[in-house]
Amino acid sequence: MNKKYQTIISTDAEKSGLVANWETLQRIFIRPENEASRIALVKYMEQILFGLHDFLQKHVGITREAGLRQLSDRFKNSAIGKHPEKKLADVIQGIIEDIAPHAVNVASPYFIGHMTSAIPFFMVHLATIVSALNQNVVKLETSKIVSVLERQVLAKIHRIIYDFSEDFYDFHIQRPESTLGSFVEDGTLANLTALWVARNRCFPPGPGFEGVEAEGVAAAFRAHQVDRCVILVSRLGHYSLEKACGVLGIGNGNIIPVDIDADNRMDIGALKREIAVIRNQSPGVKILAVVGIAGTTETGTVDPLGEIADVCRTHGVHFHVDAAWGGPVRLSDKYRTLLNGVEKADSVTIDGHKQFYMPMSCGMVYFKDPQAMDSVAYHAAYIARPGSVDLGIRSLVGSRSAVSLILGSAIEIMGRKGYALLIDHGIETAAAFAELIKRRPLFELVTPPELNILTYRIFPGPLKQEWRSTGLEKRKQLTRKLNHINITVQRMQREAGNSFVSRTTLRRSGADDIVVLRSVIMNPLTNMAVLTDILNEQEYLYHRLPET
Ligand SMILES: Cc1ncc(COP(=O)(O)O)c(C=O)c1O
């Protein structure tokens, strides 16, 4: 045995029989230690695939009752043992029996609070294959066919958004110089990539200036005689845009929130007014981009994308659509028109781990112009050489896994129709849920669903009556009271662990902030019986509040 790699065996390790040495180390790179471990690992794989969620459903609900304090007390030892403490089979068993029950059972049909839900069981197979192959899509030399396949997947999703001609896709799909889109970690990085491209195209190289990417924002502002750079997005924009503006040197204080209309969509008149003010009164201000949202995080609403696109075209401004949530609605024949106008966007964000039902995490950004990402191209001597097919040339991310293999396979397994059924179910169930809420006197529907997200709140009958007959000051008091009720009931329901609805605070101009319960209907097993149970539980909890 190579002495260099031999570890000193402690008395404890000798007793448990677990030792780290060169021989055992080599074995784990080849196969399980012995036949018994092989059988155990296959059994656990089966349990992960088919038994885990059933077990959680039956015995745990949303999550097992245990305080965070109590849980964190168990995870305070920061020392790494010198020798192995457990075999893989024991580790897996420990995760299944001890960790999973305290994680959150996002697969439960009663978990309707966030944009995270059950995934089809085959996703686990696909994710396992991705780990087993361990391709690195940064370059062809570590991914080969996967890079080519990824280009195909990007073209398929690009086509869902832009629907260009067959000739367009034939030409660009495998052309190394064209980039239809890029996989990144998540929606946050997709938005960042879109604004990165928008920034670089806004401050391109010119005489005596090498471009913002090379010289930085201060030099770009000087070269282009700009004092300030802004982006405009509705008040319901996702906070990832703030991060992006921070990272890109634009400054997150330079996001101009555009007012929303009564339906929580960007008020197009307000957008035009904001732009007119900037154009007429602030010649040193450059509008970097306008962002439309296709499925806002809080209310699920879709901005008037076509109209925003027209405004952007008139003013020559980059139009980005954050369709992290709503993008896959384009797959539904029934509801695809809700996203009309997205095809006019210069760039579009879509999350695979949202309505493509992929495991965490898969962000994507698409560009109408296959040359747009040239403005963020990087080369290195050891990879991503000029002219190569390496996908790392035009990508915010360096090393990354082959999530495109999961999405590409999922699309083949589901077909457009499979995804459409999921989208339609979400939208239609949310609409029926809204009607149910309207019929229950204890509740008030606050934002009706356009897609599959809605907000509502507990608003007891007597308080509704009081609200109608009272003035501004008293209404402020009532809002505070209602906010307190809704926060408390949401918390109680979460802690009870049978179901989960999230909460958020809606800001409305000229009125007080209101706390609402937010539900996201994406699990195909969430039906009206489940939703009735959830309302019943909230009603039950409300009646248990002190002094109501
Ligand atoms: C509209 C919208 N954009 C962007 C994001 C960011 O996505 P991620 O959490 O994948 O970074 C979200 C997340 O919920 C979102 O709802």
Side-chain angles (χ1 to χ4, degrees), residues 104 106 111-117 119 157 161 181-196 198 231-248 252 255 257-258 260 264-266 289-305 308 319-330 338-339 341-342 345 347-366 396-397 400-401 403 406-407 423 426 430 447 449-455 500 502-506 516 518-522:
V104 178
V106 296
F111 184 88
I112 57 160
H114 286 302
M115 295 166 157
T116 306
S117 159
I119 51 174
I157 308 295
I161 304 163
S182 172
F183 280 86
V184 283
E185 181 67 21
D186 59 1
T188 298
L189 293 193
N191 281 338
L192 172 58
T193 304
L195 294 182
W196 184 26
I231 72 157
L232 292 104
V233 60
S234 101
R235 293 192 176 280
L236 293 172
H238 190 261
Y239 74 103
S240 54
L241 297 169
E242 292 176 38
K243 290 187 195 173
C245 288
V247 172
L248 293 170
N252 60 28
I255 296 180
V258 179
I260 46 177
N264 298 294
R265 312 166 84 213
M266 184 190 273
V290 176
V291 179
I293 313 165
T296 59
T297 316
E298 284 166 306
T299 61
T301 37
V302 182
D303 284 334
L305 304 177
I308 302 174
F319 175 36
H320 174 61
V321 172
D322 182 352
W325 179 249
V329 172
R330 293 287 279 181
L338 289 174
L339 259 67
V342 68
S347 54
V348 178
T349 286
I350 300 187
D351 267 348
H353 54 265
K354 292 190 166 79
Q355 297 208 79
F356 275 112
Y357 292 80
M358 284 174 66
M360 293 291 149
S361 56
C362 166
M364 294 172 276
V365 60
Y366 291 90
L396 178 62
V397 187
R400 62 190 174 84
S401 71
V403 284
I406 303 183
L407 182 57
I423 298 289
T447 58
E450 187 177 356
L451 300 178
N452 49 358
I453 298 176
L454 61 81
T455 68
F500 177 74
S502 62
R503 70 162 197 267
T504 189
T505 302
L506 295 182
V516 291
R518 166 178 170 266
S519 81
V520 181
I521 314 287
M522 66 183 297

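Numbering of ligands and ligand atoms starts at 1, following listing order. In this chain, numbering begins with 1 at the start of the sequence shown.
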With sequence neighbours excluded, tell me which residues meet salt bridge (charged side-chain N to carboxylate O under 4.0 Å, His left out) with Arg235.
Asp259
Quick one: CD1 on Ile293 to CG on Asp303, what's the gap to the nearest 0.5 Å?
5.0 Å
Measure the OG1-CG distance between Thr299 and Leu451 for me, rounded to the nearest 0.5 Å.
9.0 Å
Can you tell me which residues line ligand 1 if we count any heavy atom under 4.0 angstrom from one of its atoms, in chain and number order?
Met115, Asp186, Gly187, Thr188, Asn191, His238, Ser240, Gly295, Thr297, Asp322, Ala324, Asp351, His353, Lys354
Restricting to side-chain hydrogen bond (donor to acceptor under 3.5 Å, both in side chains), what partner residues turn up for Thr297, sequence neighbours left out?
none
Partners meeting side-chain hydrogen bond (donor to acceptor under 3.5 Å, both in side chains) with Ser182 (sequence neighbours left out)
none
Angle class for the Phe111/Phe500 ring planes (parallel below 30°, perpendicular above 60°, tilted otherwise)?
parallel
